K.L.:
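To start, I am sharing the structure in question, which I have written as structure tokens.
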Amino acid sequence: MVDQRDADHGGGVSDGAKRRIERQGCDKCDTQEGDAMGRPTSGFTHAEYTRLVDEEKYPDTPLVPLDEPFVNSSGRILNVLLKRFTSAAWIESNAGSLRANHYHKTDWHYSFVASGTVVYGWRPSGSTALPEVSEFHAGQLFFTPPLVEHVMYFPVPTTFMTFARNLRDHVSHESDVVRVDPLFSVVWSETAGTFTYKINGPDRRSSPAGGPLS
């Protein structure tokens with residue numbers, strides 16, 4: 001969480017971010033701006049967002065803005081993350097599959113979508129509220145702090161990379177993970193002939209998304 005004084009410290013925050021810091025916290029999720037493709041952005045710059053992560057003042061919105069790519073005659077360079085991290089993982093997920101349904105005690109991770117779509121649900125650990133849900137697509141980066149229950153659903157074949165604070169060998173990862181009751185369930189739609197996901201709790205479903213459960 002970050003207040004206006006914290007936001008102005010250390011080089012300041014962009015005007016778009018300042019307009020969204022309305023109380024003791026980063027309340028951007030309800031009023032996100034759009035990028036050139038009409039997708040929501042957090043109102044922060046990449047440097048502002050990642051600086052708050054370094055200070056453990058985690059923004060409320062998971063979407064991490066990216067700087068404009070460098071383009072010349074040789075091609076294009078996109079800086080995905082301009083911060084230190086310990087582990088990077090390349091993850092491939094089948095259409096209709098779920099991952100996570102856990103939280104991390106101390107770890108955090110950035111996730112960059114290389115291809116496909118991630119339907120991401122999250123809520124504070126121990127909460128019984130319905131999770132908030134966002135979709136992230138190829139070329140977008142999003143962040144998961146410690147002590148936040150989260151789940152990922154993949155309506156299409158999806159590849160993404162994670163960049164984590166902690167060492168991510170199996171033993172280290174499992175020692176920091178707490179499993180939770182599933183936030184999403186995957187259900188088969190006879191009429192659509194595809195899998196969809198359901199937010200567990202009151203019956204709320206997404207639009208149909210195809211693919212085998214795996």
Side-chain angles (χ1 to χ4, degrees), residues 2 6-21 26-95 97 99-100 107-122 132-145 148 150 152-168 209:
V2 55
D6 291 324
D8 286 337
H9 176 70
V13 168
S14 66
D15 290 341
K18 289 177 182 178
R19 287 194 296 270
R20 286 162 179 75
I21 301 174
C26 298
D27 301 308
K28 298 169 178 287
C29 295
D30 294 334
T31 55
Q32 291 179 335
E33 295 178 341
D35 65 10
M37 298 179 65
R39 298 178 302 198
T41 61
S42 67
F44 289 118
T45 66
H46 184 83
E48 290 163 353
Y49 192 109
T50 55
R51 175 176 58 80
L52 291 173
V53 170
D54 284 352
E55 294 173 356
E56 299 187 353
K57 300 172 182 176
Y58 305 117
D60 288 340
T61 174
L63 182 65
V64 184
L66 295 173
D67 295 334
E68 289 296 316
F70 174 76
V71 180
N72 63 13
S73 60
S74 297
R76 179 174 178 268
I77 298 174
L78 176 65
N79 288 317
V80 173
L81 184 62
L82 295 175
K83 286 293 178 179
R84 295 182 184 276
F85 57 90
T86 301
S87 300
W90 178 269
I91 301 171
E92 299 174 355
S93 300
N94 296 328
S97 62
R99 290 190 182 276
D107 201 8
W108 51 243
H109 53 83
Y110 294 88
S111 300
F112 178 74
V113 186
S115 64
T117 297
V118 180
V119 180
Y120 177 73
W122 77 98
E132 298 186 68
V133 180
S134 289
E135 281 193 16
F136 299 105
H137 304 280
Q140 291 188 297
L141 181 70
F142 63 98
F143 177 74
T144 302
V148 170
H150 54 284
M152 299 181 192
Y153 170 69
F154 307 96
V156 297
T158 299
T159 299
F160 67 105
M161 288 196 71
T162 60
F163 307 91
R165 168 197 255 174
N166 293 354
L167 190 64
R168 280 292 187 100

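As the structure is a computational prediction, the values presented were derived from the model and not from experiment. Atoms considered below: every heavy atom in the structure, side chains included; atoms not considered: hydrogens, waters and symmetry mates.
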K.L.:
Which heavy atom of E48 sits nearest a heavy atom of G43, and at what distance?
P.N.:
OE1-O, 4.5 Å
K.L.:
Kindly write out the residues that satisfy ring-ring contact (aromatic ring centres under 6.0 Å, His included) with H46, not counting sequence neighbours, or none if the list is empty.
P.N.:
none
K.L.:
Which heavy atom in A95 sits nearest to a heavy atom in P155, and how many Å separate them?
P.N.:
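That closest heavy-atom pairing would be CB-O, 3.8 Å.
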K.L.:
Measure the shortest side-chain to side-chain distance between T158 and M152 over non-hydrogen atoms and say whether it is less than 4.5 angstrom.
P.N.:
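When only atoms from C-beta onward are counted, M152 and T158 do not touch, as no gap falls below 4.5 Å.
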K.L.:
Where do L66 and V80 come nearest, in terms of heavy atoms and distance?
P.N.:
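Smallest heavy-atom distance, with atoms named: CD2-O, 3.3 Å.
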K.L.:
Not counting sequence neighbours, list each pair that qualifies as a salt bridge (charged side-chain N to carboxylate O under 4.0 Å, His left out) and has a residue in residues 62-73.
P.N.:
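Sorted result for residues 62-73: empty, none.
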K.L.:
Distance from R99 atom CZ to F160 atom CZ, nearest 0.5 Å?
P.N.:
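Rounded to the nearest 0.5 Å, the CZ-CZ separation comes to 6.0 Å.
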K.L.:
Starting at CD of Q140, measure out to OG of S134 and round the result to the nearest 0.5 Å.
P.N.:
9.5 Å
K.L.:
Just jot down the side-chain hydrogen bond (donor to acceptor under 3.5 Å, both in side chains) partners of Y110, sequence neighbours excluded, or say none.
P.N.:
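In terms of side-chain hydrogen bond (donor to acceptor under 3.5 Å, both in side chains), with neighbours along the sequence ignored, Y110 is linked to no residue.
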K.L.:
On a heavy-atom basis, which atom in P59 and which in L52 lie closest, and how many Å separate them?
P.N.:
CG-CD1, 4.0 Å
K.L.:
Please report the shortest heavy-atom distance between F85 and A164, naming the atom on each side.
P.N.:
CB-O, 3.5 Å
K.L.:
Please identify each residue that fulfils side-chain hydrogen bond (donor to acceptor under 3.5 Å, both in side chains) with T117, with sequence neighbours left out.
P.N.:
H137
K.L.:
Parallel, tilted or perpendicular, judged at 30° and 60°: which one describes the rings of W108 and F143?
P.N.:
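Rings of W108 and F143: tilted, as their planes differ by 30° to 60°.
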K.L.:
What pairs of residues pass the salt bridge (charged side-chain N to carboxylate O under 4.0 Å, His left out) test when at least one of them lies in residues 154-167, not counting sequence neighbours?
P.N.:
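Sorted result for residues 154-167: E56-R165.
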K.L.:
Do L82 and T50 have side-chain heavy atoms sitting under 4.5 Å apart?
P.N.:
no
K.L.:
For A47, what residues pass the side-chain contact (heavy atoms from CB on, under 4.5 Å) criterion, not counting sequence neighbours?
P.N.:
T45
K.L.:
Apply ring-ring contact (aromatic ring centres under 6.0 Å, His included) to F70 and list each qualifying residue two or more places apart in sequence or on a separate chain.
P.N.:
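F70: no ring-ring contact (aromatic ring centres under 6.0 Å, His included) contacts found.
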K.L.:
Going by salt bridge (charged side-chain N to carboxylate O under 4.0 Å, His left out), name the pairs with one or both residues in residues 82-93, residues two or more places apart or in two chains.
P.N.:
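Non-adjacent pairs meeting salt bridge (charged side-chain N to carboxylate O under 4.0 Å, His left out): D54-K83.
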K.L.:
With sequence neighbours left out, write down each residue that passes side-chain contact (heavy atoms from CB on, under 4.5 Å) with N166, or none if nothing qualifies.
P.N.:
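T106, D107, D176.
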K.L.:
Report the residues that fulfil ring-ring contact (aromatic ring centres under 6.0 Å, His included) with F136, sequence neighbours left out, ordered by chain and then residue number.
P.N.:
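F142.
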K.L.:
Find out whether F154 and V119 are in side-chain contact, i.e. whether some heavy atom of one side chain is under 4.5 Å from a heavy atom of the other.
P.N.:
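When only atoms from C-beta onward are counted, V119 and F154 do not touch, as no gap falls below 4.5 Å.
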K.L.:
Side chains of V148 and Y58: closer than 4.5 Å at any heavy-atom pair?
P.N.:
no
K.L.:
Show your working on side-chain hydrogen bond (donor to acceptor under 3.5 Å, both in side chains) between T61 and Y49 and close with a plain yes or no.
P.N.:
CA-CA 10 Å; T61 174; Y49 192 109; 5.9 Å; no
